[in-house]
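Below is one structure, written out as structure tokens; the observations come after it.
What you are looking at is a predicted structure, and each value in this text was computed from that prediction instead of being measured.
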Amino acid sequence: MRLTEQMRREGKNSSNDIKVIGLMVEDLFADYTREVVHSVYHAMPDGKDYRLVVMVGKYDDDTYSDPNRHAYRSICNSVYKVVEMCDIDGLILSLGSLNHKGESFLRSSLMKHYTDIPKVFISANLEGCVSVRYDNETGIREAIDIIVNKYGVKKICMLGGREDNNDALLRKQIFEKCLLDKGLEYSEDSFVESDMSANTEKEAEILLDKNPDVEAIFCVNDSVAIGLYAVMEKRGLEPGKDILVFGFDNTHMAGELIPSLASVGSKQTTVGRRAMEILIDWMNGEEVTSELIPTMLYGRKSLEIDMYDFTTLDLINVSDSAIYRMFNECFYRYRNENYLREDVNLKRLFYEVLSRILSALRRRHMSDEENEEICKLVDIFIDNNALAYTDIRKLMISIERFQLGINSLAENSLSTNTMINKIFVRLKNKMIYSLSQEKERDARTIASDRQKIQLFLAENTDYTGTSPKSIDDLIGGIELLGLDNVAIYLYDEPVIFEDTDKLEFPQTIRLKCVMKDGKLYVPSEERQVGMIREMFVREELSSKCNGYVVLPIFHGANIYGLIAAELSDSVFYKGEYIADQLGRIIHSFETDNWNT
């Protein structure tokens, strides 16, 4: 039975008071998807009343050029059909080809099922639907203006996206328009379509072969730039030096590429954060409308732009606006986070450090005690993960310019300047040490995860051919997956996939086991069975976990169940692999005894 309209308005769920918000995405491993999920999750209201359920499918172009690949993706997308059976209080959809599917999608059983609940679409412009989209033109036009006016470039090309992706089409149209407005030539040879993934080396080769005189390239998104960078490296070309390059979406990856990638991104807030905010308002009974999010170019090594400078007056007057401008410019990702009351306010802490330095500069004196206090604040700032919100190169340049401004004040006390410069040296050293420690931790975590999963696979594979394994064996080793909060749901019998339209799932599903805060719980036989519609609000799930990524467990045409893993950075990288291996293991069990 579905929730009544009155219960929906009151935000009630049939099992308890948790409001379940669904987020439909494609391709979990894509950087853009990770950014959307991250921003949606961090925009959720504080408290335990909300639970985000991320439903992960695959992009399927419906052309069936590769029947096997199409079949695989269709089975992955069966997760949408399962969740169609669940009680959801609000839904966010971030599916790249929605505009292409258009009316047929809106008439689908999924949309009919969720007719009465609030739905917000990301990067889709469907008539009568509430959507949040980037204003593609402002950022692209700014980038083209800089390329033409500052660098004097005449030959600009584009590594584009799919025809069924609305943003890709808009960005191509805007690109053409900007070139024409600048009096530059556009031809079909200057554009090459890609699948918008990182696997674009072939397309990049074609673009460079057709345009040997190209001076700048616009990548339809940041992922596409990975393939372009690889091809340029093979040809001895350096982004930013031989060819200017910029992307779109301003993902974390853009700052991590070498050289760092200039990218168009949100000027104020992300589409994911704003989609969640609009959805919550709608769920609370407020009127909402579609919105366009302004964009701007974030300059980096592949396309550098002028950064702000600090005037002597700013430094002498201890300008609040200058300090906060520097923070907002360098730590631009921080504004899109949600923080608990007990969290360190990094923006305020940054202000304290610089304002104390500038005050000492103005007094022409800094005591040893004050110097020590500022150094402690620097340590606290870095130790509280400040570097996660910045591009290191941009921050380093800002610090160097700040130091130059201070040292340019000749009338200043030499001893004070020396102390201030030592503080900045401490900050830089702390940054370098923190980054090296992070890389070491990441390397250790990856190695540990790999060893645990290998052991898990070994323990659940029969190498002797004499001792059949069972679900109980699999459950006993779930702790080796390295997921603190995870639930394994299995059907009583495998669901055989034949055709998406004819696919039917049972009304009940078994919660075979739960990891809660790193501890394994196995419900009794009678408590395992529950309604699918209530699977995301079952009391067995951890009350401390308010975000799950849901993936189907299948092998071949057999769909065995679902894994719901806590939303974390690691699940983006290993979630699909774990689900795939679970499917393979279960498939290897005795068919007539597989769920016992």
Side-chain angles (χ1 to χ4, degrees), residues 1 13-16 18 20 51 53 78-79 81-87 455-462 466-497 503-545 548-566 575 578-596:
M1 181 181 295
N13 189 284
S14 58
S15 295
N16 50 37
I18 294 177
V20 178
R51 180 168 288 159
V53 176
S78 68
V79 69
K81 199 162 184 71
V82 175
V83 178
E84 177 185 328
M85 304 169 65
C86 298
D87 289 337
L455 181 58
F456 175 78
L457 294 175
E459 290 187 351
N460 286 281
T461 303
D462 177 24
T466 59
S467 54
K469 297 290 183 177
S470 69
I471 293 295
D472 289 338
D473 295 316
L474 181 146
I475 289 173
I478 289 297
E479 292 166 299
L480 293 173
L481 296 180
L483 300 170
D484 288 338
N485 291 288
V486 64
I488 305 293
Y489 299 90
L490 296 178
Y491 306 115
D492 282 331
E493 298 291 339
V495 176
I496 309 302
F497 182 87
L503 187 62
E504 291 188 9
F505 289 94
Q507 295 295 315
T508 60
I509 195 167
R510 288 182 179 270
L511 179 58
K512 297 296 293 186
C513 67
V514 179
M515 285 286 293
K516 296 172 66 172
D517 307 317
K519 295 182 179 180
L520 177 64
Y521 296 87
V522 180
S524 61
E525 193 73 20
E526 61 271 17
R527 289 185 60 84
Q528 287 184 8
V529 179
M531 301 298 292
I532 282 184
R533 66 183 180 86
E534 297 177 347
M535 64 187 296
F536 300 128
V537 292
R538 290 188 60 158
E539 61 183 21
E540 292 90 349
L541 299 179
S542 172
S543 60
K544 298 178 183 178
C545 181
Y548 285 93
V549 172
V550 182
L551 295 156
I553 299 173
F554 68 93
H555 184 75
N558 295 331
I559 305 174
Y560 299 107
L562 298 162
I563 177 173
E566 181 178 13
I578 288 174
D580 181 61
Q581 295 306 315
L582 287 174
R584 291 175 183 272
I585 292 169
I586 294 173
H587 185 74
S588 70
F589 297 159
E590 291 291 334
T591 304
D592 59 352
N593 198 36
W594 78 277
N595 196 15
T596 60

Quick one: do Ile559 and Ser78 satisfy side chain to side chain contact (heavy atoms under 4.5 Å, CB included)? Show the steps, please.
CA-CA 9 Å; Ile559 305 174; Ser78 68; 3.7 Å; yes

Assess whether side chain to side chain contact (heavy atoms under 4.5 Å, CB included) is satisfied between Glu566 and Asp484, documenting all intermediate values.
CA-CA 7 Å; Glu566 181 178 13; Asp484 288 338; 4.2 Å; yes

Below 4.5 Å, heavy atoms only, C-beta onward: do [X] and [Y] meet side chain to side chain?
X	Y	answer
Val495	Asn558	no
Ile471	Ile586	yes
Asn485	Asp517	yes
Phe536	Ile18	no
Tyr560	Ile488	no
Ile532	Tyr491	yes
Pro552	Val82	no
Leu474	Lys512	no

Could you pull out all residues at least two apart from Phe554 that satisfy ring pair (Phe, Tyr, Trp, His ring centres under 6.0 Å)?
Tyr72

Inter-residue atom distance [X].[atom1] - [Y].[atom2], 0.5 Å rounding:
X	Y	atom1	atom2	answer
Ile563	Ile478	CD1	CD1	7.0 Å
Leu481	Leu455	CG	CG	10.5 Å
Ser542	Arg51	OG	CZ	8.0 Å
Ile578	Leu483	CD1	CG	4.5 Å
Leu562	Met535	CG	CE	4.5 Å

Identify the heavy atoms of [X] and [Y] that sit nearest to each other, and give their distance.
X	Y	value
Ala579	Leu551	CB-CB, 4.0 Å
Leu503	Lys81	O-CE, 2.8 Å
Val486	Ala565	CG2-CA, 4.0 Å

Counting distance only, does the side-chain N/O of Gln528 pair as donor-acceptor with the main-chain N or O of Arg510 below 3.5 Å?
no

I'd like to know if Glu540 and Lys516 make a salt bridge, using a cut-off of under 4.0 Å between side-chain N and carboxylate O.
no

Decide, yes or no, whether a salt bridge links Glu539 with Arg527 under the criterion of side-chain N to carboxylate O below 4.0 Å.
yes

What verdict does the side chain to side chain contact (heavy atoms under 4.5 Å, CB included) test give for Arg538 and Val514, after you've listed the backbone C-alpha separation in whole Å, the side-chain angles of each residue and the deciding distance to 0.1 Å?
CA-CA 11 Å; Arg538 290 188 60 158; Val514 179; over 6 Å; no

